[in-house]
Structures are given as C-alpha cells and as structure tokens.
Amino acid sequence: MSGHSKWSTIKRDKGAKDAKKGVLFSKLSKKISLAVKDGGSGDPTHNLKLRTEIDSAKAHGFTNDNIDRAIKKGLGQDGGGTIEEVVYEGYGPFSTAFIIEAVTDNTNRTVGNIKKLLTKAGGSLGALGSVSWQFQTRGEILVERGDSDLEALELTAIDAGATDVIESDEGLAIYTEPTQLTKVQKAIEATGTKIVRGEIIKESSQGVELTETQKPIIEELFSNLENDEDVISVHTNANF
C-alpha cells in the first residue's frame, strides 16, 4: 500500500503541540463546516460525516461553542465568506506525486501557499489531472487495537460491504467503495466499537520507494503541506 503511514498521522494529531493548536483548530473547524455543506445538514444525528468530525474535534479539545460556529459557517449563517473545497495536484522531488485537498474562503491565498511549498522543496504545481490518474478513491475506516474482538469486527465489516481489511500492530484498516463508507461505519459502530477515523482517501497505484536520504525531504514537504491552515488532507505516492 503506497503513501505515508496513516497511523503515524494519527499519532501526530494526538501529539499536537500547543504552538500548533491554532492551526489544528482551524482545520477541525473547516472539516466540520465542509461536512455540514457536503451532508446538507447541521444535525449530526442525520449527518454521519459531521458526527465523525465532531467526535474527532472533541477528542482534540474543541469546545462546543467552536463546533456550533463551524456548523453555522457550513450552513452559511455566520455572515462570513463562502467556503469551498479545492483540490490541487503537484509534484515533489524524486518522482513523487501529491494531491492536496483544501477548504478555503480565499483560493488565491491557498494556491499561492501550496505552490510556494512545492517549489521550495524542488517540486511544482501541476495541472488538473496531471497526477490524479494514478490515485484510486476509496473509503478507509481505522479502528485501534483495544478491547474489541478484531476477528469478529473484520467479519462484521466484510458482511456490511467492506472490500478489504488489513490488520496491523496498531489495529484494523478497513476499506470500502466510497459509496459504502457510511454503511460499513454504521455496522461497526453498532457493535459498540469506537472508530478512530473514517474518511474518503486517495491511494496511489504507482508507489515510489524512497532512500533513507530522500525520506526526510519528502516527510518535511508532506508535513509542511499538512500544516498549511487551509489544507485538510494530503495524499502522495511516496512510501515512507
């Protein structure tokens, strides 16, 4: 499976330092607003994606007031600028490819920041379709190892429509068709299991192996893209 470690990303999120909390909270707010916009509802009982984002935000100390403001922004009730989801494609060094998803109220600012980060690392911003051809879109659900019976959970996921389940030291990574993500999530939650993350991902079929010297350079670029305030998700074909 190509791309950075999904579990490493979770550990980084959990260990976010106070100095980065402003950026983290901004991203959480935008993810909630986008979930409202995409789901057409500000009610988490009727919008599973919104409920997932709210649970994630609360785990990071996001207050109810901040959640309410993010929901209102997604509904267009805050009087602020209109947010939109934008996707950029680009190249990094060593034949690496990136897809960068962002939510912004100022596309000029966002594309300028992303272009600058790619160029500084020796890469470049690509045209629409320049790298997306090698990425497959599918649902991914992560369940950390704990008290749950992972073998039984795997059967539950498959019965609900999962296309693949991978067990590791960290837990289970469950994959679905994009349209089946919500259905499988509900089946897993019905067992009383807590989902760490459930989202639509983009996974490359053209994985690029990096040398030990190259890995830190790509890791830094990936981290810098992730840390941009407007960026909500980064996908790459680099294995690290």
A.B. asks: Taking all non-hydrogen atoms of both residues into account, name the closest pair between Ala57 and Ile32 and its distance.
C.D. replies: CB-CD1, 4.0 Å

A.B. asks: Test of understanding: with salt bridge (Lys or Arg N to Asp or Glu O under 4.0 Å), list the residues that count as partners of Glu151, not counting sequence neighbours.
C.D. replies: none

A.B. asks: Could I get the full list of salt bridge (Lys or Arg N to Asp or Glu O under 4.0 Å) partners for Glu189, not counting sequence neighbours?
C.D. replies: Arg51

A.B. asks: The criterion is salt bridge (Lys or Arg N to Asp or Glu O under 4.0 Å); which residues satisfy it with Lys27, sequence neighbours excluded?
C.D. replies: none

A.B. asks: Kindly write out the residues that satisfy ring-ring contact (aromatic ring centres under 6.0 Å, His included) with Phe62, not counting sequence neighbours, or none if the list is empty.
C.D. replies: Phe25

A.B. asks: Count the heavy atoms of every other residue, nucleotide or ligand shown that sit under 6.0 Å from CD of Glu220, and state whether that count exceeds 12.
C.D. replies: no

A.B. asks: For residues 108-127, which residue pairs qualify under salt bridge (charged side-chain N to carboxylate O under 4.0 Å, His left out), counting only residues two or more places apart or in two chains?
C.D. replies: Asp105-Arg109, Arg109-Asp230

A.B. asks: The criterion is salt bridge (Lys or Arg N to Asp or Glu O under 4.0 Å); which residues satisfy it with Lys49, sequence neighbours excluded?
C.D. replies: Asp38

A.B. asks: Looking only at the side chains, is there a donor atom on one of Glu209 and Asn239 sitting less than 3.5 Å from an acceptor on the other?
C.D. replies: yes

A.B. asks: Can you name the one residue among Gln136, Glu140, Arg138 that meets side-chain hydrogen bond (donor to acceptor under 3.5 Å, both in side chains) with Tyr175?
C.D. replies: Glu140

A.B. asks: Checking Ser233 now: which residues fulfil side-chain hydrogen bond (donor to acceptor under 3.5 Å, both in side chains) with it, not counting sequence neighbours?
C.D. replies: His235

A.B. asks: Quick one: hydrophobic cluster around Ile99, which other residues, with the 4.5 Å side-chain cut-off, linked directly or via members?
C.D. replies: Val87, Tyr91, Val131, Phe135

A.B. asks: Kindly give the heavy-atom pair with the smallest separation between Ala187 and Ala160, and that separation in Å.
C.D. replies: CB-CB, 3.6 Å

A.B. asks: Check which hydrophobic residues are tied to Leu128 through side-chain heavy-atom contacts below 4.5 Å, counting indirect links as well, and list them.
C.D. replies: none

A.B. asks: Run the side-chain hydrogen bond (donor to acceptor under 3.5 Å, both in side chains) test against Thr63 and tell me which residues pass, sequence neighbours left out.
C.D. replies: Asn66

A.B. asks: Output all residues satisfying side-chain hydrogen bond (donor to acceptor under 3.5 Å, both in side chains) with Glu167, sequence neighbours left out; order by chain, then residue number.
C.D. replies: Arg145

A.B. asks: Using the side-chain hydrogen bond (donor to acceptor under 3.5 Å, both in side chains) criterion, which residues pair with Glu89? Sequence neighbours excluded.
C.D. replies: Ser132

A.B. asks: Give the minimum heavy-atom separation between Gln206 and Gln134, together with the two atoms involved.
C.D. replies: CB-OE1, 3.3 Å

